[in-house]
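Report on the following structure.
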2 protein chains.
Amino acid sequence: MQRAPETRELGPKAKRTRAAILQAAIDLLGEVGYERATIRAIAERAGVSTGNAYYYFGSKEEFVQAFYARTHAEHIVVARPRIAAAHGLRDRLRATMSAKLETVEPYHPFAGVLFRSAADPTSPLNPFSAASREVREDAIELFREVVVGMRKPLPKDLTAELPQLLWTWHMGILLYWVHDESEGRAKTWRLMEESSALIASAVKLSGLPLIAPLRRKLLRLARELTAGAA
Amino acid sequence: MQRAPETRELGPKAKRTRAAILQAAIDLLGEVGYERATIRAIAERAGVSTGNAYYYFGSKEEFVQAFYARTHAEHIVVARPRIAAAHGLRDRLRATMSAKLETVEPYHPFAGVLFRSAADPTSPLNPFSAASREVREDAIELFREVVVGMRKPLPKDLTAELPQLLWTWHMGILLYWVHDESEGRAKTWRLMEESSALIASAVKLSGLPLIAPLRRKLLRLARELTAGAA
DNA sequence: GTCTATAACCGGATAGAC
DNA sequence: GTCTATCCGGTTATAGAC
């Protein structure tokens, strides 16, 4: 029985073929966008048949996912030193998200397709899917670094749950970005800056006597609802 | 020149044909789900040709949108009396969202497709699109009723911006719901209940001296970023 | 002009030979 | 592991009926 493309082990020759197809896909996606980057065109550019492309990639979405994984890797590389150089929570959030927005900007023209599966549980591209697990966990890990490496350490309960919550925040910003047609994506940048400040302020205030119960409730909710799947 | 299907005026006969196609689409979507409800099958059930279906609906997504508009209309009918019967903000939020969750539950099996265009700016189905404007504004209007009809009126600044923000909250809950495979959608219900309480508490506390500046910032941000498009 | 049908196109996906 | 041939369904072109 034929195993799924992603889980198959490949000989050296096959690896090269796979890499060639992937490169062709990424190039073409970048050059002509999603719709015009047909499987046939991708295969042709890679010098293989369409059928062969499907030996390595189960669907067109998998190409997009590979693409997405790449932008994510770029993001981490750009973000890490910036995070290390920033100290307050607000600045660390801005460091993280500014890197993200810069990294993804070139792909805005077809970002809709990139992200449209976000809400489709049947799609491997949705950020909660098993296929996206690795990328998602890397991203959450990055937010863990954001909260763990602070000069003035945060309380333990926040340290535990914030990474998850901040990842959600970051996905929300991206969703806004996808729809943002303002000059230079000014609105998204504004949203990112202001919400970074708001989050930092809220974290600071969350220790106040009247506020603390709210914070406890929120963190408990976050913990319980991210336990299983979604 | 041929006008777009949605904006065309129809004679009485044509209206019946359109209605028949739409009904067939809704029935079939409910019975066999998105993938198996092919345009050909829909047209056949309605007793027309596939070409004719495209005279009335510009794409398969438009059927889904019609479907979505219908569940939305159902939601308003169910929600309104419940909202009127509740008094505190928390209860009014729960009234609104419980009606929503009950209304959409039957469609959970293919909700992914229903909502997958949420992130695609090129899709008429995305909740920010022009095509969705009416449905979206109705929904925001419903949240306006939630905040306006309270026994103890809320401050003016909140009354102005909360409807928009609550609509966003409600979309977030739906996004979670789409991915929620827990028994009886228990996690989503939990999230809905707890976040209703959290929002109500936050609104109450937002008048405190230390908190008020945060609230002002948040409301200003919300106002400015929803001014134009996205 | 308004509506309906048939035939074809296109691209994602699959089957099966080599 | 690679190809060719084919399927399938969304979509479009177009002819013609009312």
Closest contact, heavy atoms only, A:A25 versus A:F63: CB-CD2, 3.3 Å
Heavy-atom pair of closest approach, residues B:H72 and B:D138: NE2-CB, 3.4 Å
Minimum heavy-atom distance A:T103-A:T71, with the two atoms named: CG2-O, 3.4 Å
Where protein sits on nucleotides 3-8 of chain C, one letter per nucleotide: B base, S sugar-phosphate only, - none, heavy atoms under 4.0 Å: BBBB-B
Test item: A:S132 side-chain N/O and A:N126 main-chain N/O as donor-acceptor pair under 3.5 Å: yes
Minimum heavy-atom distance between A:M97 and A:M192, given as atom pair plus value: CB-CG, 3.4 Å
Interatomic spacing from OH in A:Y54 to CD1 in A:I39 - rounded to 0.5 Å: 4.0 Å
Close approaches to DNA chain C from residues 27-35 of chain B, in residue order (heavy atom, under 4.0 Å): none
Whole angstrom value for the distance that separates C1' of D:dG9 from NZ of A:K60: 15 Å
From CA spacing to verdict: side-chain contact (heavy atoms from CB on, under 4.5 Å), A:L93, A:L89: CA-CA 6 Å; A:L93 293 177; A:L89 179 57; 4.0 Å; yes
For atom CD1 of B:I42 and atom P of D:dG10, their distance in whole Å: 8 Å
Interatomic distance, A:Y54 OH vs C:dG11 P [rounded to whole Å]: 12 Å
Atom-to-atom span, CD of B:E44 to P of D:dG10 - whole angstrom: 13 Å
Length of the line joining A:E61:CD and C:dG12:P, which is rounded to integer Å: 12 Å
Side-chain donor-acceptor distances from residues 12-23 of chain A under 3.5 Å, at least two apart:
from	atom 1	to	atom 2	distance (Å)
A:T17	OG1	A:K13	O	3.2
A:Q23	NE2	A:D27	OD1	2.9

